[in-house]
Amino acid sequence: MDSNLENDGYLHDFKPSRERFYSDVLSGLQKPQKEIPSKYFYDEQGSKLFECICTLEEYYIPCIEASIMQTNISEMVELIGSRVLLVEYGCGACMKVRGLLDHLHDPVAYVPIDISREQLLRVTQDLSVSYPDLEVLPVCADYTSSFEIPVAKRKWDRMVVYFPGSTISNFDILSGKHFLKHIANICGQGGALLIGVDLKKDPAVLHSAYNDNRRVTAAFNLNLLQRINRELNCDFQVDMFEHYAFYNPRKGRVEMHLVSQREQSIYLDSTTINFAKGESIWTESSYKFTLNEFAQMATAAGFKVERVWTDDQQWFSVQYLVAA
Ligand code: AVJ
């Protein structure tokens with residue numbers, strides 16, 4: 001973990017180092033089922049592609065989540081109460097939180113956390129313009145590692161973690177439970193988690209959400225190889241890999257892979273990695289839950305499910321969990 005606080009007094013910087021990226025890629029590509037952690041999608045280019053995914057017709061999550069938020073905002077704000085310290089895990093372009101910030105009663109501070117440093121700096125400066133009275137304390141971090149929540153100028157009554165977009169989908173069940181436990185500890189007794197959770201649905205809907213017509217999701221997936229080429233001086237022939245995404249009903253998750261179109265080798269410093277034709281790199285899991293499955297996980301992590309909001313089709317949910 002490299003902390004570069006001296007670079008910029010404003011940003012709390014725990015961005016993962018190049019060495020960490022290198023060793024994660026190397027060890028992932030040496031496994032029998034090759035894999036790369038999905039958090040590495042989000043370099044500057046990948047974050048832009050993800051924002052573009054969020055505008056796609058097939059990718060239903062942002063639109064449905066926004067409408068659930070809008071419909072129920074007064075009840076949410078009531079539950080959150082006044083003088084909150086609002087912490088967002090994976091804020092991306094910080095667009096979703098605006099709907100909350102517009103309605104919160106006297107929030108003490110907003111702590112946006114994201115792994116994409118460039119985007120984080122840009123968007124938090126815009127936020128300070130829109131909300132001049134709000135203390136904004138950005139943290140660049142991989143939130144699955146340890147980092148500190150910065151200290152706000154004013155005292156807060158409750159810490160609420162905002163974790164929208166069903167980013168929780170990227171964790172498998174066990175690490176998801178550990179992660180929720182970790183959040184429960186951070187926000188402390190009486191603290192809360194406002195979380196977006198994607199639900200199980202017709203696999204055909206899921207299939208097109210991750211196989212969009214304009215192939216933006218394919219570009220997002222393939223950017224991972226371009227990023228490795230850029231940052232780790234690697235020599236992936238990106239056009240020799242294909243985006244492949246499918247719903248695995250037994251595991252209850254969408255899997256994304258990059259499939260080698262022929263037998264080929266790549267070189268990472270002195271290490272040679274061989275690919276058979278048709279062999280894949282597993283790049284992402286996106287778990288889908290039933291309301292019961294998620295409630296079980298939340299309860300096991302020490303949360304009480306206080307309130308669940310969904311859309312009419314029950315495609316998505318926003319949930320308010322209180323640390324017991
Ligand atoms: C940000 C993890 C919620 O799984 O739907 C979108 C990421 N991957 N399209 C998801 C993603 C491909 C997204 N999450």
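All of these numbers come straight from a predicted model, not from anything done at the bench. Order of appearance sets the numbers: ligands from 1, and atoms from 1 within every ligand.
Under 4.0 Å is where a charged nitrogen must lie from a carboxylate oxygen, and between Glu293 and Lys200 at least one such pair does. Arg18 and Glu231 are not joined by a salt bridge, as no carboxylate oxygen comes within less than 4.0 angstrom of a charged side-chain nitrogen.
In this structure the side chain of Thr217 reaches within 4.5 angstrom of the side chain of Leu56, judged on heavy atoms.
With 3.5 Å as the limit, one finds no donor-acceptor pair spanning the side chains of Lys288 and Tyr247.
Aromatic ring centres of Phe41 and Phe50: separated by at least 6.0 Å.
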Close N/O pairs between ligand 1 and protein, under 3.5 Å:
residue, atom, partner, partner atom, Å
ligand 1, 4 (O), Tyr210, OH, 3.4
ligand 1, 4 (O), Ser286, OG, 2.7
ligand 1, 5 (O), Tyr59, OH, 2.5
ligand 1, 5 (O), Tyr210, OH, 2.5
ligand 1, 8 (N), Glu284, OE1, 2.6

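Each ring pair (Phe, Tyr, Trp, His ring centres under 6.0 Å) pair with one or both residues in residues 119-162, not counting sequence neighbours, appears once here: Tyr89-Tyr143, Tyr143-Phe163, Tyr143-Phe179.
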